[in-house]
Structures are given as structure tokens and as C-alpha cells.
Engineer: 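Got a structure for you, questions after.
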Amino acid sequence: LTQDEIVALSKRHSLYEWSAQNAVDPIPVARAEGVYFYSPDGTRYLDFSSQLVNIIHADVKVGPISIQGLQQGGETLNISWTTSNIGSADASNVKEVVYLSRDGIVSANDIKLGEFTHSSIATGGSSSANLSVMLPVDALGAYQLLVVTDVNNLLKETTAGETNNQSQVSLDVAQDY
């Protein structure tokens, strides 16, 4: 596209904030890189318009896990934790899964013990979860009990926000007698 075609299309299809729409004289943009954009003739501009964008997103974080009950194969454990929303938007239908893992990394080798769904967690708020689960009869030895939030990856968290979606606690399971 030529510069004139870019400007014509931009005027026809864009809404400009804080401007009388017929008075705008947009700069044609051919490409962008970092905080700069370039016109078709190669002129480089510093993009100050990016300050107009306010990105909001939920960021759910699983807190410490509490376990009550006999840590023995075939026995019931009562597990509780709190999930906080430290992001800038409300989170709804936040699904969490509890796993029994040998290495603390979610994989197909882990045992799914149960799941919990928070209907809503407001921005800056938190929601408690309680789950009763039965340890497998043949479980024995050192495990990590994992709580993973947003397991379906439905929330639009930032890359950094995805790093706090799991909490874990060590568990030493005795043999079932």
C-alpha cells in the first residue's frame, strides 16, 4: 500500500481518541519495532500513543496448602488452600486440580486426586477451597501434593502471571496396613 492508501484506509476505519474525527491527519505506519514505528518512506517515530492502552488481566495465585488427616495409603486427607487474584480484572470459573506427584512437575505420571472450581474471585480478592480426597491404597513414600489453578488456561494471564499458578507441599505417605 502507498502512504496515501494507508491514510485513506486509516481515516475510514479508525476511531481517534481526543480528536475531531474529520480533522485528524494520521501518520501511515508500514511497520513497528519495540517502541518505534516506521512510515513507508522509512521515517522512524517514537510511539507515544501506547500510553493510551490499559491492559487488564486476572492473575490467580495459589497460596500455601494445609493438609489434615493420616498420611497413609487408603486414608482420607482434608486439603485446604486460598487462591488470590492479584491481577487487575476479576476471574471467574477458576478451575483447580489437586495432584499427587513424585517430582513436583505436573505430568501424565501424576495421580489426580480431585478438583475445585471457584465461581468468581474479584480483583484483589481471594477464595478459600477445601477438598477431601482419598490417597491411593498403593501410595507409599515421598510425594509432592500439587494444587494447580487455571488448569484449563482460560484466564488471559501474562507470562509472568502464569508462573504462580501452582503451589505444593511435601507429603510422606505411609504404607496401608
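Below, each value reflects all heavy atoms present in this structure, side chains not excepted, and no hydrogens, waters or symmetry copies.
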Engineer: Between Pro28 and Pro40, what is the shortest heavy-atom contact and its length?
Structural biologist: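 Here Pro28 and Pro40 meet closest at O-CD, 3.6 Å.
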Engineer: When clusters are formed by joining ILVMFWY residues with side-chain heavy atoms under 4.5 Å apart, either directly or through shared neighbours, do Leu77 and Leu113 land in the same one?
Structural biologist: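 Same hydrophobic cluster.
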Engineer: Members other than Ile86 in its cluster, when Ile, Leu, Val, Met, Phe, Trp, Tyr link by side-chain heavy atoms under 4.5 Å?
Structural biologist: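 Hydrophobic cluster check, Ile86: no partners found.
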Engineer: Tell me whether Leu100 shares a hydrophobic cluster with Val169, the cluster being built from Ile, Leu, Val, Met, Phe, Trp, Tyr side chains joined at under 4.5 Å.
Structural biologist: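 They do share one cluster, since a chain of ILVMFWY contacts under 4.5 Å joins Leu100 to Val169.
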Engineer: Let me check something: any side-chain donor-acceptor pairs from residues 126-141 under 3.5 Å, sequence neighbours excluded? List them with distances.
Structural biologist:
| unit_1 | atom_1 | unit_2 | atom_2 | d |
| --- | --- | --- | --- | --- |
| Ser127 | OG | His118 | ND1 | 2.7 |
| Ser132 | OG | Asn78 | OD1 | 2.5 |

Engineer: Could you tell me whether the side chain of Gln72 reaches within less than 4.5 Å of the side chain of Tyr177, counting heavy atoms only?
Structural biologist: yes
Engineer: Going by heavy atoms in the side chains, are Val62 and Asn164 under 4.5 Å from each other?
Structural biologist: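 In short, these two side chains do not touch, never coming nearer than 4.5 Å.
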Engineer: Identify the heavy atoms of Pro64 and Ser167 that sit nearest to each other, and give their distance.
Structural biologist: CA-OG, 4.1 Å
Engineer: Relative to the ring of Phe116, is the ring of Trp81 parallel (under 30°), tilted (30 to 60°) or perpendicular (over 60°)?
Structural biologist: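 Aromatic pair Trp81/Phe116 classed perpendicular.
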Engineer: Taking C-beta and beyond as the side chain, do Arg31 and Phe37 meet within less than 4.5 Å on heavy atoms?
Structural biologist: no
Engineer: Does Tyr36 have any ring pair (Phe, Tyr, Trp, His ring centres under 6.0 Å) partners at least two apart in sequence or in another chain, and if so, which?
Structural biologist: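 Residues passing ring pair (Phe, Tyr, Trp, His ring centres under 6.0 Å) with Tyr36: none at all.
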Engineer: Is it the case that the side chains of Glu5 and Gln3 hold a donor-acceptor pair, with the cut-off being a distance below 3.5 Å and no angle test?
Structural biologist: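 No - no donor-acceptor pair under 3.5 Å links their side chains.
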Engineer: So which pairs with a foot in residues 145-155 pass side chain to side chain donor-acceptor pair (under 3.5 Å), sequence neighbours left out?
Structural biologist: Glu96-Thr149
Engineer: Using 0.5 Å steps for rounding, measure from the CG atom of Asp90 to the CG atom of Leu155.
Structural biologist: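 Reported to 0.5 Å precision, the distance equals 11.0 Å.
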Engineer: Using the side chain to side chain donor-acceptor pair (under 3.5 Å) rule, collect all pairs that involve residues 61-71, keeping only residues at least two apart or in two chains.
Structural biologist: none
Engineer: Measure from the side-chain N and O atoms of Glu75 to the backbone N and O of Asp176, and report whether any donor-acceptor pair falls under 3.5 Å.
Structural biologist: no
Engineer: Could you give all pairs that pass the salt bridge (charged side-chain N to carboxylate O under 4.0 Å, His left out) test and reach residues 102-131, with sequence neighbours left out?
Structural biologist: Lys95-Glu115, Lys112-Glu115
Engineer: Tell me whether Ser88 contacts the main-chain N or O of His57 through its side chain, where contact means a donor paired with an acceptor under 3.5 Å.
Structural biologist: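 Yes: the side chain of Ser88 pairs with the backbone of His57.
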Engineer: Mind running side chain to side chain contact (heavy atoms under 4.5 Å, CB included) on Leu146 and Val106 for me, showing each step along the way?
Structural biologist: CA-CA 8 Å; Leu146 312 176; Val106 177; 3.8 Å; yes
Engineer: When clusters are formed by joining ILVMFWY residues with side-chain heavy atoms under 4.5 Å apart, either directly or through shared neighbours, do Tyr143 and Ile67 land in the same one?
Structural biologist: yes
Engineer: Do the side chains of Leu145 and Tyr99 get nearer than 4.5 Å, heavy atoms only?
Structural biologist: no
Engineer: Can you tell me if Asn85 uses its side chain to pair, donor with acceptor, with the backbone of Gly125 under 3.5 Å?
Structural biologist: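 Not a single qualifying donor-acceptor pair exists.
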Engineer: Kindly give the heavy-atom pair with the smallest separation between Glu157 and Ala58, and that separation in Å.
Structural biologist: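 Looks like CG-O, 3.2 Å.
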Engineer: For the hydrophobic clusters of this structure (ILVMFWY residues joined by side-chain heavy atoms under 4.5 Å, transitively), does one cluster hold both Val94 and Leu154?
Structural biologist: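 In one cluster with Val94: Leu154, no.
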Engineer: Would Tyr38 and Val29 count as a side chain to side chain contact (heavy atoms under 4.5 Å, CB included) if you check the C-alpha gap in whole Å, the side-chain angles of each, and the deciding distance to 0.1 Å?
Structural biologist: CA-CA 6 Å; Tyr38 298 82; Val29 177; over 6 Å; no
Engineer: Applying the 4.5 Å side-chain criterion to the ILVMFWY set and letting contacts propagate, would Ile121 and Val98 be lumped into a single cluster?
Structural biologist: no
Engineer: Measuring from Ser119:OG to Asn93:CG, what's the distance to the nearest 0.5 Å?
Structural biologist: 7.5 Å
